[in-house]
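All remarks here apply to the structure that follows.
Nothing here was measured: the structure is a model prediction, and the numbers come from that model. A note on names: the letters A, B, ... follow the listed sequences, proteins ahead of strands, and every chain is numbered from 1.
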There are 2 protein chains.
Amino acid sequence: MRIGQLARRSGVSVRALRYYEEQRLLESARTPGGQRDYPDEALERVQLIQDLFAAGLSSRTVVELLPCVSTGVATPAMLEQLIIERDRIAARIQDLNRAKKKLGHVIENVTAANVVQD
Amino acid sequence: MRIGQLARRSGVSVRALRYYEEQRLLESARTPGGQRDYPDEALERVQLIQDLFAAGLSSRTVVELLPCVSTGVATPAMLEQLIIERDRIAARIQDLNRAKKKLGHVIENVTAANVVQD
DNA sequence: CGTCACGTTGACGTCAGCTTCAGGTTAGCC
DNA sequence: GGCTAACCTGAAGCTGACGTCAACGTGACG
């Protein structure tokens, strides 16, 4: 699969995929002419990267953890890092829940009585 | 209260407070000499701003919503925006929960059997 | 009056995850 | 051989929420 097709399938831009490679998040074989050629598994890989990014991990952290996330084999250091990231995510969820609650209260109060006519 | 004290109390840097003013998120009175002078309510205000930033709102959005969040009075457009943001936060929480679950699984599998000795 | 922490503005730097641009190459089809 | 879409690399630009530096003004104390 070439880069354009992977981009369309994954919903990630072509340039972003090349950026992932620069960051060593994603490998590619090359055609004799030098064009990138991806195996089918690359699609899952890209989606995994997206998930981890979406969870707020940096590319540096992702590059460190990708091996064990996809293979299930980890060094003690990796395991520690995994736990740190999971806890960070959990804390972030707490924050977001607080903010959501706050906005929810505002919405309730506002809808109840105080909508200003324009 | 001057800017340094507000910074220490709120845990936000002096630079950040001036940035908030630039972005029209925070007002200040001025001493005859031109130094910023904040009322006590500024502390709550700063904390509110931090909460909204932490929830992923942009300063542009915060500046639009701050009036109604602090006063409880909103236009229909503000109300719509509030709901959009709350839903965005809720979606984000979903994402994070998925990522957390995924990392949790990896951690379990890894701790169970596959820790590699260094 | 000096002094020194604290304050002021303005401009530039930073970081991450890209996008955009420029200038050139490859692949596949007729 | 020629056309066009798709691809390549390298470099510059972008956004947002500040950090950092320079050069200078303020204010409380003794």
Would you call B/Asp51 and A/Lys102 a salt bridge, taking side-chain N to carboxylate O under 4.0 Å as the test?
yes

Can you tell me which nucleotide in C/dG17, D/dG27, D/dC18 comes closest to the side chain of A/Ser59?
C/dG17

Distance alone, cut at 3.5 Å: any donor-acceptor contact between the side chains of B/Tyr20 and B/Glu27?
no

Would you kindly give the CD1-to-C1' distance between B/Ile49 and D/dG16, to the nearest whole Å?
15 Å

Could you check whether any side-chain N or O of B/Arg45 sits under 3.5 Å from a backbone N or O of B/Asp40, counting only pairs where one atom can act as donor and the other as acceptor?
no

Can you identify which nucleotide, out of D/dG19, C/dT19, C/dC6, has its nearest atom closest to the A/Ser13 side chain?
C/dT19

Using atom CD of A/Glu22 as one end and atom P of C/dG17 as the other, report the distance to the nearest whole Å.
12 Å

Considering heavy-atom distances to DNA chain C, does A/Pro32 or A/Val14 have its closest nucleotide positioned more toward the 5' end?
A/Val14

Just by distance, with hydrogens left out, do B/Gln35 and B/Arg30 show a side-chain donor and acceptor under 3.5 Å apart?
no

Atom CE of B/Met1 to atom C1' of C/dG7: distance rounded to whole Å?
16 Å

Send over the distance from A/Gln23 CD to C/dA16 P, rounded to a whole Å.
9 Å

Just the rounded figure in Å: distance from C1' of D/dG27 to CD of B/Gln5.
15 Å

Quick check: on DNA chain D, is the nucleotide nearest B/Val12 upstream (toward 5') of the one nearest B/Gly34, or the reverse? Name the residue that is more 5'.
B/Val12

Could you work out which one of C/dG7, D/dC18, C/dT19 sits closest to the side chain of A/Ala16?
C/dT19

If we ignore hydrogens and angles and just use 3.5 Å, is the side chain of B/Asn109 paired with the main-chain N or O of A/Gly72 as donor and acceptor?
no

Rounded to whole Å, OH of B/Tyr38 lies from C1' of C/dT8 at a distance of 12 Å

Output yes when at least one side-chain N/O atom of A/Tyr19 is less than 4.0 Å from OP1 or OP2 of C/dG17, else no.
yes

Can you figure out which of D/dC7, C/dT19, C/dA11 approaches the side chain of A/Arg2 most closely?
D/dC7

Nucleotide D/dC18, atom P - distance to CD of B/Glu21 in whole Å:
15 Å

When you measure from the side-chain N and O atoms of A/Arg30 to the phosphate of D/dT9, is any distance below 4.0 Å, counting only OP1 and OP2?
yes

Taking the nucleotide of DNA chain C with the closest heavy atom to each, which residue, A/Gln35 or B/Asp37, is nearer the 5' end?
B/Asp37

Nearest to side-chain heavy atoms of A/Thr31, which nucleotide of C/dA27, D/dT20, D/dC8
C/dA27

Testing D/dG19, D/dG10, C/dC6 for proximity to the side chain of A/Arg15, the answer is D/dG10

Side chain of B/Arg18, base of C/dT9: donor and acceptor closer than 3.5 Å?
no

Do the side-chain N and O atoms of B/Ser10 and B/Gln47 include a donor-acceptor pair separated by under 3.5 angstrom?
no

Taking D/dC18, C/dT8, D/dC7 as options, the one with an atom nearest any side-chain atom of B/Ile3 is C/dT8

C/dT9 P sits how many Å from B/Leu17 CG, rounded?
13 Å

Return no unless some side-chain N or O of B/Tyr20 is found under 4.0 Å from OP1 or OP2 of D/dC18.
yes

Take B/Gly33 and B/Leu57, find for each the nucleotide of DNA chain D with the closest heavy atom, and name the residue whose nucleotide sits nearer the 5' end.
B/Leu57

A/Arg36 vs D/dC7: side-chain N/O to OP1/OP2 distance below 4.0 Å
no

Looking across every strand, which nucleic acid part, if any, lies under 4.0 Å from A/Arg60 by heavy atom: base, sugar-phosphate, or nothing?
nothing

